[in-house]
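Following: one structure in structure tokens, then a few remarks.
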Amino acid sequence: MRVAIFSTKPYDRAALDAANAHGLHSPTYFEPRLDATTASLAKGFAAVCVFVNDRVDAAAIRILADGGTRVIALRCAGFNNVDLTAAEERGIEVVRVPAYSPYAVAEFTIGLLLSLNRKIHHAYARVREDNFSLDGLLGHDMHGKTVGVVGTGRIGMLVARALKLGFGCDVLACDVVEDAALVDIGVRYVTMRALVEASDVISLHCPLTRDTLHLIDTAALAASKPGMLLINTSRGALVDTPALITALKSGQLGGVALDVYEQEEALFFEDLSLDVVQDDVFQRLLTFPNVLVTGHQAFFTAEAMASIAQTTLNSLSEADTGRALSCRIAAPAQITTE
Ligand code: NAD
């Protein structure tokens with residue numbers, strides 16, 4: 001199948017070319033993101049392949065449909081950046097990679113938590129400057145602390161298990177569906193309000209939907225335990241960033257580790273080190289010593305990249321041969337922009 005791959009980085013190309021070693025599909029790689037201004041590049045391609053920050057809104061979808069595109073393949077799990085209703089109206093199927101390596105994201109989440117709590121990123125920078133002082137590097141034992149896991153699907157479940165069984169944390173969970181296996185090991189499902197009020201650490205693993213937009217807002221932060229640590233490796237807009245900054249300034253929030261950011265599409269995945277970054281909210285966030293930000297890299301392991309590429313090409317093969325699409329996104333449950 002002829003497929004236009006958008007937002008291509010060298011590592012995307014390497015993974016997709018390896019998975020397509022038998023040449024079943026004909027990929028053409030484009031560096032730009034897909035949006036209404038670039039969608040015409042896909043004219044004549046039966047499929048497009050996009051990533052987390054491509055803007056697949058109604059305007060882009062209209063251009064894709066007019067150009068003959070029948071399939072939009074997301075090489076990621078989240079699909080909040082696609083207007084599913086517009087795609088359905090135009091007869092375009094949307095597929096994603098529902099599961100690749102939940103371990104990649106779960107392990108990275110634990111890494112962020114440990115680094116934030118024990119200030120490992122500060123220690124690394126200090127030692128490189130021959131500063132071996134421990135002043136300011138005091139952390140807390142995780143053992144015995146209460147951690148709230150919001151969303152106990154593939155990734156949240158692994159995080160909850162690791163914290164419960166590996167670290168001896170008291171794990172609270174909030175989800176619309178309870179995982180019986182987590183309950184069996186002592187994870188307790190509670191309301192979001194109870195989780196917020198009782199947790200020393202909150203880790204977000206639910207999708208971005210209308211219900212979860214700004215789940216962590218001024219009210220949630222005010223209700224949280226003073227000094228709470230917040231970890232977000234899910235989607236940026238789960239958190240109201242200006243509210244976060246206010247809570248960091250007052251000391252109500254003890255620290256934040258983010259792999260995702262509400263306005264990340266203007267920043268992440270690019271080298272902007274010689275540019276003047278225009279996002280003042282993001283720049284303010286970076287000034288706090290107790291804020292740790294990574295650029296949406298939690299998924300980025302060799303295993304995850306290989307699995308993403310394989311699942312994406314399998315979906316294209318299904319579409320090409322008229323088989324049922326096993327990774328089709330069925331219902332327009334999520335919001336269309338992040
Ligand atoms: P999943 O679908 O397996 O699990 C999501 C869970 O959230 C489900 O159990 C669902 O019931 C629950 N949920 C839905 N609405 C909720 C609500 N209102 N309150 C509480 N829970 C709710 O998804 P996953 O594979 O575990 O991925 C979780 C999120 O991680 C995805 O939404 C994706 O956006 C994000 N993600 C980030 C990266 C990264 O690199 N940072 C990589 C992959 C996925």
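Any value given below was found using the heavy atoms of this structure, including those in side chains, with hydrogens, waters and symmetry copies removed. Ligands are counted one by one from 1 in listed order, and the atoms in each one are counted from 1 as well. A quick note: this is a predicted structure, and the numbers were derived from the prediction, not measured.
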- Pull out every atom of ligand 1 sitting under 4.0 Å from any heavy atom of Gly151, numbered as shown with elements. 7 (O), 21 (N)
- Message: Using a 4.0 Å cut-off to any heavy atom of Ala298, which atoms of ligand 1 qualify?
- Response: 39 (C), 40 (O), 41 (N)
- Query: Counting only heavy atoms not in Tyr103, do more than 12 fall under 6.0 Å of its OH?
  - Reply: no
- Message: Between ligand 1 and Arg235, is the shortest N or O to N or O distance under 3.5 Å?
- Response: yes
- Which atoms of ligand 1 sit under 4.0 Å from any heavy atom of Val176? 11 (O)
- With a 4.0 Å heavy-atom cut-off (strictly under), which part of Met192 contacts ligand 1: side chain, backbone, both or neither? neither
- Message: In terms of relative ring orientation, are Tyr261 and Phe282 parallel, tilted or perpendicular, with 30° and 60° separating the classes?
- Response: tilted
- Please say whether Asp211 places an N or O atom under 3.5 Å from an N or O atom belonging to ligand 1. no
- Item | Candidate with minimal heavy-atom separation from atom 11 (O) of ligand 1, of Leu215, Val105, Val177, Asp175 | Asp175
- Beyond-backbone contact of Arg75 with Ile5, side-chain heavy atoms, under 4.5 angstrom: yes
- Item | Thr209 near ligand 1 by a heavy-atom separation under 4.0 Å | no
- Fit a plane to each ring of Phe51 and Phe269, take the angle between them on a 0 to 90° scale, and name the class: parallel (under 30°), tilted (30 to 60°) or perpendicular (over 60°). tilted
- Can you list the atoms of ligand 1 that are under 4.0 Å from a heavy atom of Asp259? 39 (C), 40 (O), 41 (N)
- Message: Ignoring hydrogens, what is the shortest heavy-atom contact between Ala220 and Leu215? Give both atom names and the distance.
- Response: CB-O, 3.7 Å
- Between Asn314 and Gln310, a side-chain donor and acceptor under 3.5 Å: yes
- Item | Audit row: Glu178, Arg188, salt bridge (charged side-chain N to carboxylate O under 4.0 Å, His left out) steps and yes/no | CA-CA 9 Å; Glu178 292 193 9; Arg188 287 181 294 135; over 6 Å; no
- Message: Working note: Val82 + Leu74, criterion side-chain contact (heavy atoms from CB on, under 4.5 Å); need CA distance, chi angles, decisive distance, verdict.
- Response: CA-CA 9 Å; Val82 180; Leu74 286 140; 3.8 Å; yes
- Message: Apply side-chain contact (heavy atoms from CB on, under 4.5 Å) to residues Gln297 and Asp259 and explain how you reach the verdict.
- Response: CA-CA 7 Å; Gln297 79 172 88; Asp259 186 50; 4.0 Å; yes
- Task: Pick whichever of Tyr100, Phe300, Phe79, Phe108 has a heavy atom sitting closest to atom 43 (C) of ligand 1.
- Result: Tyr100
- Item | Nearest-option assignment for atom 5 (C) of ligand 1, heavy atoms, candidates Arg210, Met157, His205 | His205
- Item | Part of Thr212 with heavy atoms under 4.0 Å of ligand 1, whether side chain, backbone, both or neither | side chain
- Message: Tell me whether Ile155 has any N or O atom under 3.5 angstrom from an N or O of ligand 1.
- Response: yes
- Task: Give a yes/no verdict on whether any heavy atom in Cys174 is under 4.0 Å from an atom of ligand 1.
- Result: yes
